[in-house]
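Worksheet: one structure, shown below.
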Amino acid sequence: MAVIDVRNLSKSFRVSASDPGFRNALCHFWNRKYRQVDAVKPLSFSIEAGEIVGFLGPNGAGKTTTLKMLAGLIHPSGGEVGVAGHVPFKRQKAFLRKITLVMGNKQQLIWDLPANESFRINGAIYDIPDAELAARIAELAAMLSLDKQLSQPVRKLSLGERMKCELLASLLHRPEVLFLDEPTLGLDVNAQSAVRHFLREYNRKYNATILLTSHYMADITALCKRVLLIHQGSLFYDGALAGIVEKFAPYREVKLEFTETVDRMRVAPFGEVEESLDRSARVIVRREALTSTVEQMLAQLPVADLTITDPPIESIIAELFTQGTVNAPASATKP
Amino acid sequence: MLKKLRILTVTQHALMLAYRAEIYLWVLAHVMPFLMMGVWVTASRSGAGGAGGGGGMAFALTPVDYARYFVCVFIVRQFSTVWMIHEFEWHIVEGRLSYFLLRPMNPLWNYVTAHLGEQLARFPFFIMVLAFFFILYPQARWMPSASAILLGFFTIYVAFALRFALQYCFAMLTFWFERASAIEQLSFLPYVFLSGLLAPLADFPEPARRIAELTPFPYVLSFPAQILMGQITASSPQLYQGFAVIAAWFAGLCLVGQFLWRRGLRRYSGQGA
Amino acid sequence: MGIFPRRILRIMSAFWFTSLAAEMEYRVNFLVAAINSLGQLAGTLFTLNILYRKGYHFAGWSWHEALLVVGLFTLLDGMASTLLSPNLSRIVQHVQNGTLDFILLKPLDPQFQLSTRNMSPWGFPNVVFALVLLVYAGMQVPLPAAAYALGIIPMILSGIILYTLWFAVATTTIWFTKVWNATEVLRSFLEAGKYPMSAYPVAYQFFFTFILPVAFLTTVPAEVMRGQHSAAFILIEAAVALTLFVVTRCFWKFALRSYTSASS
């Protein structure tokens with residue numbers, strides 16, 4: 001059975017619009033104008049136990065809203081959600097013990113005290129016996145390579161150390177389902193990879209389900225086999241990470257090296273020429289025509305070497321989101 | 001210079017408008033004069049009516065005058081409250097002071113105009129509160145003479161300058177201590193006592209009144225309030241005496257403030273902040 | 001301990017231990033708070049003294065009985081600074097910074113968490129001054145020892161009323177995140193409790209009894225201690241406290257629903 005099951009989940013907000021100025025404030029007070037914002041349009045997906053799924057989309061796409069609906073912080077406007085056998089927004093104690101939400105831009109640790117003190121509080125709230133708590137802290141601290149940082153006031157820690165402590169605090173109750181909202185926000189490369197490494201290990205050890213959002217593609221490519229792409233509140237891709245290339249980049253780049261000088265005019269018929277030098281050229285070719293084009297190239301041009309590459313996934317996604325060329329497939333497909 | 005100040009005030013006003021809900025609530029949080037008004041009006045009424053059997057009770061004012069006095073206290077506080085130390089502390093801690101130092105203008109003016117902008121943003125609500133009060137308590141309504149209004153508001157801004165100078169000196173301590181605002185809070189105590197916020201100075205026992213008049217505190221609250229209600233006019237010697245005391249305190253505080261500012265700045269830039 | 005299961009005790013001790021430890025980082029504040037509360041008390045007594053030395057007295061209250069009210073007010077104020085203010089003034093921050101989410105994610109009643117999470121020792125000086133004043137005033141009135149025992153009941157009820165008022169105002173921040181001043185407004189109105197209600201005009205008395213029940217905070221407990229209509233006063237106050245508690249609880253639940261259906 002799926003750990004996370006989402007059917008036609010949607011959320012719309014009523015936003016009041018007001019203009020500055022005293023007179024407008026008065027008018028606004030009496031006569032409010034609202035407009036409806038559909039933050040999340042009906043979306044459906046399900047995630048199996050132990051999966052790590054990446055949740056991608058530009059700012060304001062509705063990722064955080066969706067995560068919060070899954071964590072029970074926001075009441076959905078429509079649709080059904082089931083997480084670990086519970087309805088999130090009822091916020092039953094049993095449900096809350098099974099999940100955690102880590103937000104890269106917010107912190108729960110007490111600023112002026114060592115992280116250990118915050119852990120004690122979480123231990124008390126989640127009803128973890130002292131001995132067990134100490135064992136769990138030690139275990140997670142070892143996985144995160146934290147040690148003396150735990151006894152320093154949080155305000156004196158670096159951003160990376162603080163994030164690791166946040167993770168530790170959020171995982172003390174051994175949640176089965178982890179919602180991570182930008183867990184590596186603002187961290188340097190080393191800290192990012194440490195966090196990634198930890199998440200993978202935690203996932204393996206406890207068969208935890210992880211749904212994460214991130215702006216860093218490296219997080220996604222390192223952790224997730226499966227991704228959900230969301231744009232303007234609707235899901236337009238759900239499938240393997242590798243599948244994105246297939247689906248959204250129906251082009252390949254063919255790199256040619258010649259044995260003699262080849263004029264640009266001779267390369268042009270095969271596709272869009274990106275670059276043409278004396279003895280080399282780069283040509284963009286449609287995927288479905290790839291085999292026949294390559295055959296013809298080999299037959300008609302003095303080819304010394306030929307390589308075919310995928311465009312990098314980061315640039316595909318970036319292009320998808322910036323250009324809004326998301327119109328392509330309207331319905332989400334599963335692999 | 002005047003043009004610069006005007007533009008700064010206008011932008012600060014726009015900024016303050018964004019916080020108007022807070023500012024309005026802040027007006028409401030200053031109900032103290034109205035509470036004390038209740039106490040004093042009730043007390044003086046019983047004295048006058050002889051209900052408590054107290055023909056001998058010597059209240060300095062009539063019930064209506066108590067009401068007017070405390071309304072004036074409310075008005076004066078609305079235009080003379082200073083909060084620059086909190087902003088200054090924040091600017092130092094966050095290192096924002098550096099931005100102001102880059103401008104070819106003393107950062108002091110930034111804070112002054114922020115206060116003026118805030119008063120402007122508060123004004124409509126202040127008028128509403130005042131109007132509401134006079135509707136509830138029409139007996140206290142009176143029309144101060146034009147000269148009382150002019151002189152009163154002039155004095156209020158003189159009082160504002162004095163309070164600003166005082167807090168400025170405390171704010172400069174931020175260069176040395178992290179929590180200068182906590183120290184400044186202590187100066188609020190004699191203010192509550194001696195400014196005439198809780199009782200008009202005329203009702204103080206004689207020795208207490210003498211001591212109070214030596215401090216700057218009555219001059220920032222009770223003095224402008226008395227001018228507004230017409231108790232002190234251009235012909236009373238108290239007026240000139242009051243201005244003389246304010247001027248002396250103001251000059252002294254300016255010197256101290258300037259000294260601390262120079263010293264503090266040297267320390268601030270020395271730390272490479 | 002039936003009402004306080006072991007888990008709650010453990011949580012509370014963790015909460016208070018950590019917040020005391022955090023406050024200790026700023027020791028200067030303690031000194032400032034002590035001087036401040038002494039000064040506030042002195043200011044109240046000074047004004048009271050000015051009034052009473054003129055031969056005036058609040059209708060029905062002798063000098064020492066009025067001191068009793070000041071003492072009760074100072075006690076409540078101290079308790080509020082220790083237990084209420086550090087918690088309830090932080091609700092606004094939680095809403096603004098979005099850290100309310102963390103509280104909602106914990107398997108523990110959010111109102112309980114928000115109300116008990118912190119405590120600060122800043123109110124202690126006030127409590128000490130208040131107790132001194134209460135004992136002194138009580139001896140002068142004079143009050144029998146039984147009056148103090150009887151007074152504890154309405155004081156606890158006052159504490160509950162104060163808490164519910166404060167929590168209700170703090171709850172409104174869920175809609176208006178900019179109104180951090182709202183609790184300050186409440187606090188400044190509560191200052192009216194420094195003096196017995198008969199110090200104020202009838203209109204004020206009406207307002208402070210039926211609209212903002214300040215009268216129940218200090219005047220009623222003092223009446224009970226003086227032994228006037230004690231039973232009736234306690235019953236009325238208990239009814240007020242209970243009603244306010246239930247209403248506030250519902251209001252909070254309602255606010256939370258709108259938070260979870262609107263926040264982003």
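In what follows, every chain begins at residue 1, and chains take the letters A, B, ... in the order their sequences are listed.
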Passes side-chain contact (heavy atoms from CB on, under 4.5 Å), A:Leu109 versus C:Phe102? Steps please. CA-CA 10 Å; A:Leu109 300 173; C:Phe102 287 120; over 6 Å; no
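- No side-chain heavy atom of A:Lys68 sits less than 4.5 Å from a side-chain heavy atom of C:Leu104.
- Proximity to chain C (any heavy atom under 4.5 Å) is restricted, for A:Asn122, to the side chain, taken from C-beta onward.
- More than 12 heavy atoms of other residues, nucleotides or ligands shown are found within 6.0 angstrom of CE on C:Met119.
- The 12-atom threshold is not exceeded at CZ of A:Arg7, counting heavy atoms of other residues, nucleotides or ligands nearer than 6.0 Å.
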Step-by-step side-chain contact (heavy atoms from CB on, under 4.5 Å) determination, A:Lys106 to C:Asn97: CA-CA 7 Å; A:Lys106 291 175 193 171; C:Asn97 303 339; 6.0 Å; no
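- Using a 4.5 Å cut-off between heavy atoms, C:Asn118 makes no contact with chain A at all.
- Ranked by non-hydrogen atom pairs under 4.5 Å with chain C, the options A:Ala94, A:Ser170, A:Gly123, A:Pro153 are led by A:Gly123.
- Only the side chain of A:Ile110 comes within contact range of chain C, with heavy atoms under 4.5 Å apart.
- Nearest heavy-atom pair across A:Ala124 and C:Ile11 is O-CG1, 3.5 Å.
- Residues C:Thr18 and A:Ser118 have side chains not in contact (no heavy-atom distance under 4.5 Å, counting atoms from C-beta outward).
- For A:Gln92, no part lies near chain C; criterion is any non-hydrogen pair under 4.5 Å.
- Both the backbone and the side chain of A:Asp130 come within less than 4.5 Å of a heavy atom in chain C.
- At a threshold of 4.5 Å between non-hydrogen side-chain atoms, the residues C:Lys106 and A:Tyr126 count as touching.
- The local environment of OH in A:Tyr206 is crowded, with over 12 non-hydrogen atoms from other residues, nucleotides or ligands closer than 6.0 Å.
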Criterion side-chain contact (heavy atoms from CB on, under 4.5 Å) on C:Leu256 and A:His75, from CA distance to verdict: CA-CA 10 Å; C:Leu256 207 58; A:His75 204 293; over 6 Å; no
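- No side-chain heavy atom of A:Gln108 sits less than 4.5 Å from a side-chain heavy atom of C:Leu105.
- Atom OG of C:Ser13 and atom CD1 of A:Ile121 lie 9.5 Å apart (nearest 0.5 Å).
- Chosen from A:Asp112, A:Ile125, A:Asp127, the residue pairing most often with chain C at heavy-atom distances under 4.5 Å is A:Ile125.
- More than 12 heavy atoms of other residues, nucleotides or ligands shown are found within 6.0 angstrom of CZ on C:Phe251.
- Expressed to the nearest 0.5 Å, how far CG of C:Asp101 lies from CE of A:Met103 amounts to 4.5 Å.
- For A:Ala39, no part lies near chain C; criterion is any non-hydrogen pair under 4.5 Å.
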